[in-house]
2 protein chains.
Amino acid sequence: MTKARQAVQEILDAAGTPLCALDVEERAGSLCDPATIYRSLHYLEERGLAESFVLHCEAHGTERYYVSGKAQHRHWFHCERCHRFVDLGACRVEPILRDMEDDTGVTIRSHTLYASGFCSACRGL
Amino acid sequence: MTKARQAVQEILDAAGTPLCALDVEERAGSLCDPATIYRSLHYLEERGLAESFVLHCEAHGTERYYVSGKAQHRHWFHCERCHRFVDLGACRVEPILRDMEDDTGVTIRSHTLYASGFCSACRGL
DNA sequence: GTTCCTTTTGCGAATGATTCGCAAAATCAA
DNA sequence: TTGATTTTGCGAATCATTCGCAAAAGGAAC
Ligand SMILES: [Mn+2]
Ligand SMILES: [Mn+2]
Ligand SMILES: [Zn+2]
Ligand SMILES: [Zn+2]
């Protein structure tokens, strides 16, 4: 584990919310080059130490977000107004996916689920 | 409804699988400029005539896929080997999302769910 | 701690999907 | 028709991400 990879891992572990590459860069300061951030994220994801999903938000465009792979697999909500993520808790769709596998014959190795709308703070605005 | 928008709508309605912008372009032939394809897709999505999701596949990178908004809302599986989509059937996660709303206080306006792995044809390779 | 080999990094250039600016073309309403 | 509004084509610009490559770092025997 190199210094850069270690730092990225710790940033994700401590975040408590999905981070895009730029978020990680900011938190890493001048520790390493942006390209190394990307490479470290890939490195961690390949080894299951990080997970990612791609979210499209009207305001920010398409961005890939990363979370630590050390926490329990969970899903996220993205607020279209304040652009914060809300933790929706541990994954509840595994049984449904298993049904879908039975129905269609596919073998599911991974899935992406996220929701968007307004968080409770932004709802009445 | 202009000629270009009409054509894009018909392409999505007839597709039976999610299409990326390039797929739509190919099917539209020289009917219009690529920029007009993108603009038409946005136009249709704003009006609920199309839906999209962003999928990241190791082999193809990050791409946005569109489906007709006229069919029932459903979810898709993406094969990591042959890169075809398999229809997973009508959405089954609405009740779970409603529970998540109750648990967290967020208001969900849309959600994205897709799975990936190997389709039945690619499984034994 | 020197030597040789493998891996990682920085830096700048390239990519590729998508978006923009703007003037021409098409639509629409009166 | 006419003038206003919307849409389109085309090329340039964006922007996140990736690449190429040479320098730097790390590692395992001598
Ligand atoms: Mn956002
Ligand atoms: Mn693919
Ligand atoms: Zn909010
Ligand atoms: Zn397949």
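None of these values were measured; they are calculated from a predicted model. In what follows, every chain begins at residue 1, and chains take the letters A, B, ... in the order their sequences are listed.
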Trainee: Compare all side-chain heavy atoms of A/Leu19 with those of A/Ile11 and state whether any distance is below 4.5 angstrom.
Mentor: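 Yes - at least one pair of side-chain heavy atoms lies under 4.5 Å apart.
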Trainee: Centroid separation under 6.0 Å, is that true for the rings of B/Phe77 and B/Phe85?
Mentor: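 That pair fails the under 6.0 Å test.
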Trainee: Salt bridge or not for A/Asp103 and B/Arg92, using N-O below 4.0 Å?
Mentor: yes
Trainee: What are the residues of residues 27-54 of chain B, sorted by number, that bring a heavy atom to within less than 4.0 Å of DNA chain C?
Mentor: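 Those residues are B/Ala35, B/Tyr38, B/Arg39, B/His42.
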Trainee: Would you work out how much the helix from C/dG1-D/dC30 to C/dA30-D/dT1 bends between its ends, with each end axis defined by five base pairs, to 10 degrees?
Mentor: 40°
Trainee: Between B/Met1 and B/Cys20, which is nearer to the 5' end of DNA chain C once each is assigned its nearest nucleotide?
Mentor: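 By nearest-heavy-atom nucleotide position, the 5'-most residue is B/Cys20.
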Trainee: Let's go through B/His56 and B/His78 carefully: what are the C-alpha distance in whole Å and the side-chain angles of both, what is the deciding distance for side-chain hydrogen bond (donor to acceptor under 3.5 Å, both in side chains) to 0.1 Å, and is it a yes or a no?
Mentor: CA-CA 10 Å; B/His56 181 87; B/His78 182 74; over 6 Å; no
Trainee: side-chain contact (heavy atoms from CB on, under 4.5 Å), that's the test. Do B/Met100 and B/Val106 meet it? Break it down for me.
Mentor: CA-CA 8 Å; B/Met100 289 171 164; B/Val106 304; 6.0 Å; no
Trainee: Would you mind telling me which residue lines up with the more 5' stretch of DNA chain D, B/Thr2 or B/His56, judged by nearest nucleotide?
Mentor: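 On the 5' side of the pair lies B/Thr2.
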Trainee: Would you kindly give the NE2-to-C1' distance between A/His60 and D/dC15, to the nearest whole Å?
Mentor: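 After rounding, the reported distance stands at 14 Å.
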Trainee: Given the rule that I, L, V, M, F, W and Y join up when any side-chain heavy atoms are under 4.5 Å apart, are A/Tyr114 and A/Leu88 in one cluster?
Mentor: no
Trainee: Within 45° of the axis and under 6.0 Å from the centre of the six-membered ring of B/Tyr43, does NZ or CZ of B/Arg5 qualify?
Mentor: yes
Trainee: Ignoring hydrogens and geometry, is there a side-chain-to-backbone donor-acceptor pair from A/Glu45 to A/Ser52 under 3.5 Å?
Mentor: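 Yes: the side chain of A/Glu45 pairs with the backbone of A/Ser52.
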Trainee: Can you give me the closest heavy-atom contact between B/Glu25 and B/Tyr38, atom names plus distance?
Mentor: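 Looking at all heavy atoms of both residues, the closest pair is OE2-CE1, 4.2 Å.
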Trainee: Whole angstrom is fine here: how far is it from CD in A/Glu26 over to P in D/dA16?
Mentor: 11 Å
Trainee: Need two values: the first and the last nucleotide of DNA chain C, 5' to 3', having an atom under 4.0 Å from any heavy-atom of chain B.
Mentor: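 Result: C/dA17 to C/dG21.
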Trainee: Roughly, in whole Å, what's the span from CG in A/Asp23 to P in D/dC15?
Mentor: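 For the pair A/Asp23 CG and D/dC15 P, the rounded distance is 17 Å.
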Trainee: Any idea how B/His75 and B/His73 line up, ring-wise: parallel (<30°), tilted (30 to 60°), or perpendicular (>60°)?
Mentor: perpendicular
Trainee: A quick test of your reading: do over 12 heavy atoms of other residues, nucleotides or ligands sit less than 6.0 Å from CZ of A/Arg84?
Mentor: no
Trainee: Both B/Lys3 and A/Lys3 contact DNA chain C. Which one's nearest nucleotide lies toward the 5' end?
Mentor: A/Lys3
